[in-house]
Every structure is written in C-alpha cells, then in structure tokens.
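Notes follow once the structure below has been shown.
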Amino acid sequence: MSEPTLVMAREGRAGTLLMNRPKALNALDQGMIRAFQAALDAWRDDPSVALVVLEGAGGRAFCAGGDVRAVRQAAVDGDRAPVRAFFTEEYAVNEGIARFPKPWVSLIDGVCMGGGIGLAIHNGPRVVTEHALLAMPETAIALFPDVGTSHVLPRLPGALGAWLALTGARMTGADNVHCGFATHYVLRESLPALRAALVETGDAAVVERFTAPLPEPSFAAHRGAIDRCFSQPTVLGIVHALEADGSEWAMAQVAILRRMSPTSLCVSLELLRRAALLDLRGALDEELHLTEGVVHDHPDFREGVRSVLVDKDGAPHWSPRTLEEVDPQAVQALFR
Ligand code: QUE
C-alpha cells in the first residue's frame with residue numbers, strides 16, 4: 001500500500017496530523033480533505049486527545065494550497081459535481097477546525113498558501129518559524145481568498161487584508177505574528193522540543209516557553225501607504241492611489257496588480273467587503289457560491305492555473321484584459 005497523504009496518529013496526549021504530499025508541497029487533494037474530516041470526527045469527543053498537532057512533510061512546505069490543478073481539469077472537462085464536492089468538503093473542514101473544541105496547533109515551517117492557511121487560521125495556536133512563508137496568491141490564478149480567509153482578512157489591522165488578498169504579498173513568519181495570522185514565533189531548531197512537549201503534556205500553553213524574540217515586520221515601512229491606498233473602495237481607486245503615491249514600493253504594487261486577473265481582483269475586493277459583515281459560515285457560503293461562477297463560467301481560472309501551475313509560462317491571457325474593462329455588474333452577478 002502507498003503511504004497515506006495525511007498521516008494520522010495518536011502520540012501521548014496528542015492527535016498528530018502530517019500532510020504528506022511533499023512533491024506537491026503538500027497541496028490538499030480530496031483524499032486529504034476527507035482524512036481531515038475523519039480526524040476531526042474521531043478526535044472531537046475522544047477524551048484521550050487533549051490537542052491536535054498539524055505539520056507538513058518534506059521540510060519545504062506546510063501546505064501550498066488546494067489541488068487546483070485537479071479542479072482546473074474538472075472545469076476543463078465540464079464536470080461540475082466533483083468541483084462542488086471538493087470545495088464543499090474543504091470548507092466543511094475549515095469550519096470543523098474553527099469549531100473543534102480543543103487546541104489545534106499548527107507548526108508552520110515553510111510555504112503556507114491559500115488552502116494551507118485555511119487549515120491553521122481558524123483555531124490555534126499558530127506557530128511560525130523563520131522559514132515560514134505565507135501568502136494568499138489566489139488572484140494570480142483568478143480565484144479569490146477562500147477557505148474562510150474572506151472572513152479573517154477584513155478583520156486584520158488597517159488595510160492589510162486587502163493588500164494581502166489583492167497582491168498575494170509573501171509574508172515572513174514574523175510578519176504573520178504582527179498582522180495576527182500567526183500567534184507564536186518559534187525558531188525551526190526549537191520545533192522538535194516544542195512538539196515533544198505538546199505530545200507529552202497535552203497543554204498548548206507550553207508554546208509560550210519556546211518563543212523567540214520577534215523581528216520587525218518586513219512591511220513596517222509601508223504600513224501608512226498600505227492603509228491609505230488599499231482602503232480605497234475600488235481596485236482602480238487603489239491603483240490610482242498607488243500611482244499618486246509614486247514611491248518605488250507603490251509602483252511595484254501597481255505592477256503586481258496589473259499582472260493579476262482583473263476580474264479576480266474586483267471579485268476579491270467585493271468578497272472582503274461582503275464578508276466583513278458575515279460570520280465564518282456565512283463567508284464560507286458566499287465563497288462556495290462564488291466557486292461555481294468563477295471556476296466554471298469565467299475563463300480566467302482555467303487560464304490562471306494553466307499559466308502558473310500547468311505550463312508555468314507566467315503569461316496568462318485574461319479576459320477582459322484590463323481593470324478598466326471589467327464590468328462591475330458582471331462582478332456583482334457572481335455573488336449570492
Ligand atoms: C495560487 C494558488 C495556488 C498556487 C499558486 C497560486 C494554490 C496551490 C498551488 C500549488 C503549488 C505547488 C504545487 C501544487 C499546488 O499554487 O492554491 O500542487 O505543487 O495549491 O499562484 O491558489
């Protein structure tokens with residue numbers, strides 16, 4: 001038998017989960033999602049499990065996201081049911097983690113994007129190392145911030161959430177603690193001892209004993225500009241505010257935004273605005289509704305995944321091509 005893609009074990013007072021598709025940076029496929037649901041169901045009411053410890057195999061990634069290559073293939077084949085099942089089950093796991101009545105300890109030591117963030121953000125503690133690299137890169141593949149992050153991002157300080165969601169900015173481990181995505185900063189060299197203490201004691205508070213001094217956020221110099229520009233009510237308004245700012249950093253943000261799917265940028269900003277008023281389940285329902293139109297009925301998702309993950313040419317052909325050509329009513333029509 002081949003190795004499971006989610007290795008589930010009982011160790012000491014912990015239930016441990018190891019995401020185990022290292023060649024795919026532990027990207028979540030349907031089998032892993034079902035195994036997560038099984039773990040939640042098995043351990044929720046098991047008094048011998050005091051907490052859960054979640055890690056990624058391979059030393060490079062926690063989890064790179066969802067298996068969007070498979071989702072794209074289903075969309076290309078016109079298969080709606082498996083796509084619906086994938087996102088329904090993935091978002092149910094996100095909600096199940098949020099409602100899980102025990103500490104859900106994520107040890108994030110490497111790449112963690114999109115769907116990976118959804119496995120960590122809704123519970124805690126969330127531990128990041130100096131090798132953690134987190135991002136919400138969905139606008140590059142014409143998706144949108146999902147897995148419940150649409151509920152979380154508008155609640156970050158200032159306009160950090162809109163900045164992260166639209167540009168896909170890469171955050172260091174320390175950045176994540178500063179913005180609230182993570183709760184504890186621990187050096188990689190301390191992880192084995194932390195893990196052993198969690199398993200032995202079943203007490204999530206031991207994390208405090210392993211934290212290292214927190215470096216300054218890499219975005220410190222840009223906080224003012226982020227809040228000023230990314231709080232604009234439209235994506236074009238954000239672009240114009242960045243152009244008016246004119247700094248090297250601001251113009252680099254404009255260049256990044258101009259490479260992303262224009263439709264996806266508008267959908268993502270509108271989603272954050274709506275989800276700011278929704279609880280987690282309400283946000284997940286809005287996301288689930290959006291997947292239908294975005295994955296199947298709009299060409300950009302197929303094209304984005306083709307360009308980033310299939311052909312890797314980095315040259316997507318978006319339609320419409322520019323932000324100026326996006327029809328605001330077409331964006332609204334994708335929502336519930
Ligand atoms: C946006 C995304 C994803 C992405 C890149 C983006 C995503 C995802 C992966 C990914 C990365 C490496 C793999 C893999 C998938 O990349 O969701 O199988 O080996 O899973 O720009 O949303």
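Scope of the values below: all heavy atoms of this structure, side chains included, with no hydrogens, waters or symmetry mates. One-based numbering, in listed order, for ligands and for the atoms of each.
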Using 30° and 60° as the class boundaries, would you call the ring planes of Trp249 and Phe230 parallel, tilted or perpendicular? perpendicular
Indicate yes or no for a side-chain donor-acceptor contact from Thr211 to the backbone of Tyr185 under 3.5 Å, with no hydrogens or angles considered. no
Scan the side chains in residues 104-116 for donor-acceptor partners under 3.5 Å anywhere in the protein, sequence neighbours excluded, and list what turns up.
| unit_1 | atom_1 | unit_2 | atom_2 | d |
| --- | --- | --- | --- | --- |
| Trp104 | NE1 | Leu119 | O | 2.9 |
| Asp109 | OD1 | Thr129 | OG1 | 2.6 |
| Asp109 | OD1 | Arg188 | NE | 3.1 |
| Asp109 | OD2 | Arg188 | NE | 2.9 |

Side-chain donor-acceptor contacts of residues 57-76 below 3.5 Å, not counting sequence neighbours, with atom names and distances?
| unit_1 | atom_1 | unit_2 | atom_2 | d |
| --- | --- | --- | --- | --- |
| Arg69 | NH1 | Leu309 | O | 3.1 |
| Arg72 | NE | Arg302 | O | 2.8 |
| Gln73 | NE2 | Asp77 | OD1 | 3.1 |

Heavy-atom closest contact (Ala275 atom, Arg155 atom, distance): O-NH1, 3.3 Å
Does anything in residues 230-256 form a salt bridge (Lys or Arg N to Asp or Glu O under 4.0 Å)? List the pairs, not counting sequence neighbours. Arg228-Asp245
At a heavy-atom distance under 4.0 Å, which protein residues reach ligand 1? Sort them by chain and number, would you? Ala24, Leu25, Ala27, Ala64, Gly65, Gly66, Val68, Arg69, Met113, Pro137, Glu138, Ala140, Ile141, Val308, Leu309
